[in-house]
Enquirer: 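My questions all concern the structure below.
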Amino acid sequence: QVQLVESGGGLVQAGGSLRLSCAASGRSFRSYVLGWFRQAPGKEREIAAGITGSGVNTYYADSVKGRFTISRDNAKNTVYLQMNSLKPEDTAVYYCAVDDRSFMARSIATRPNEYNYWGQGTQVTVSS
């Protein structure tokens, strides 16, 4: 049974940093695209960042580019999201997800419906 468990969310002041982690269990995702999505109240879920299995290729939404960094440790089956210079508009529930159809892919899907496995989410709140 596949499980994705996020951690690291919390309350932080604007300008601060947080590091999210997502640990996968049940199978290895070392060759698959992993993504971090976020959903703010009343808004649609959107991708924040994605990373290919090798870690060579990454994708960032324009809104987080230069502030967020996605990385992965395949030995630990874990993906990370380092978030710096946080803004109140970054407030959302953050989810990690796996694109189960992306074996050895070099490109990164950006739509939520292209991802098959999801974590339960972790709340990030940025105060002004």
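By convention here, the first residue in the shown sequence is residue 1. The analysis underlying the following values was restricted to heavy atoms, covering all of them including side chains, and did not include hydrogens, waters or symmetry mates. Keep in mind it's a predicted model, so treat the numbers as computed, not measured.
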Enquirer: Between Leu20 and Gly9, what is the shortest heavy-atom contact and its length?
Expert: CD2-N, 3.6 Å
Enquirer: Do the side chains of Asp62 and Lys65 get close enough for a salt bridge, i.e. N-O under 4.0 angstrom?
Expert: yes
Enquirer: Is the shortest heavy-atom distance from the side chain of Leu18 to the side chain of Phe68 under 4.5 Å?
Expert: no
Enquirer: Heavy atoms only: give me the nearest Trp36-Ser21 pair and the separation to one decimal.
Expert: CH2-O, 3.7 Å
Enquirer: If you define the side chain from C-beta out and look only at heavy atoms, does anything of Glu46 sit under 4.5 Å from Thr110?
Expert: no
Enquirer: With a 3.5 Å distance limit and no angle check, can you tell me whether Asp100 reaches the backbone of Asn116 through a side-chain donor-acceptor pair?
Expert: no
Enquirer: For Trp118 and Pro112, which heavy atoms make the closest approach, and how far apart are they?
Expert: CZ2-O, 3.4 Å
Enquirer: So which of Val124, Asp90, Val64, Val126 actually passes side-chain contact (heavy atoms from CB on, under 4.5 Å) with Met83?
Expert: Val124
Enquirer: Same cluster or not: are Phe103 and Tyr59 linked, directly or through other Ile, Leu, Val, Met, Phe, Trp or Tyr residues, by side-chain heavy atoms under 4.5 angstrom apart?
Expert: no
Enquirer: Report yes or no: is the cationic atom of Arg27 (NZ for Lys, CZ for Arg) under 6.0 Å from the centre of the six-membered ring of Tyr32, at an angle within 45° of the ring normal?
Expert: yes
Enquirer: What's the shortest heavy-atom distance between Ile70 and Val79, and which atoms?
Expert: CG1-CG2, 3.9 Å
Enquirer: Find the distance between CD (Gln13) and OG (Ser128) and round it off to the nearest 0.5 Å.
Expert: 9.5 Å
Enquirer: Under 3.5 Å, side chain of Asp99 to main-chain N/O of Ile108, donor-acceptor pair present?
Expert: no
Enquirer: Where the side chain of Tyr80 meets the backbone of Thr69, is there a donor-acceptor pair that is under 3.5 Å apart?
Expert: no
Enquirer: Just by distance, do the side chain of Asn57 and the backbone of Arg106 share a donor-acceptor pair under 3.5 Å?
Expert: yes
Enquirer: Ignoring hydrogens and angles, tell me if any N or O in the side chain of Glu6 forms a donor-acceptor pair with the backbone of Gln120 under 3.5 Å.
Expert: yes
Enquirer: Report yes or no: does Thr122 contribute a side-chain atom to a donor-acceptor pair with the main-chain N or O of Tyr94 at less than 3.5 Å?
Expert: no
Enquirer: Examine Leu81 and Ile51 and state if one hydrophobic cluster contains both, with Ile, Leu, Val, Met, Phe, Trp and Tyr joined whenever side-chain heavy atoms are less than 4.5 Å apart.
Expert: yes
Enquirer: So which heavy atom on Arg72 is nearest to which on Gly53, and how close?
Expert: NH1-CA, 3.2 Å
Enquirer: Which heavy atom of Tyr115 sits nearest to which heavy atom of Arg101, and what is that distance?
Expert: N-NH2, 4.4 Å
Enquirer: Side chain to side chain contact (heavy atoms under 4.5 Å, CB included) for Thr91 and Gln123? Distances and angles first, verdict last.
Expert: CA-CA 8 Å; Thr91 295; Gln123 177 70 46; 4.0 Å; yes
Enquirer: Would you give the length of the straight line joining atom NZ of Lys87 to atom OG of Ser85, rounded to the nearest 0.5 angstrom?
Expert: 8.0 Å
Enquirer: Tell me, do Phe29 and Val2 make a side-chain contact under 4.5 Å, heavy atoms counted?
Expert: yes
Enquirer: Find out if a path of hydrophobic residues (ILVMFWY) with successive side-chain heavy-atom gaps under 4.5 Å connects Met104 to Tyr117.
Expert: yes
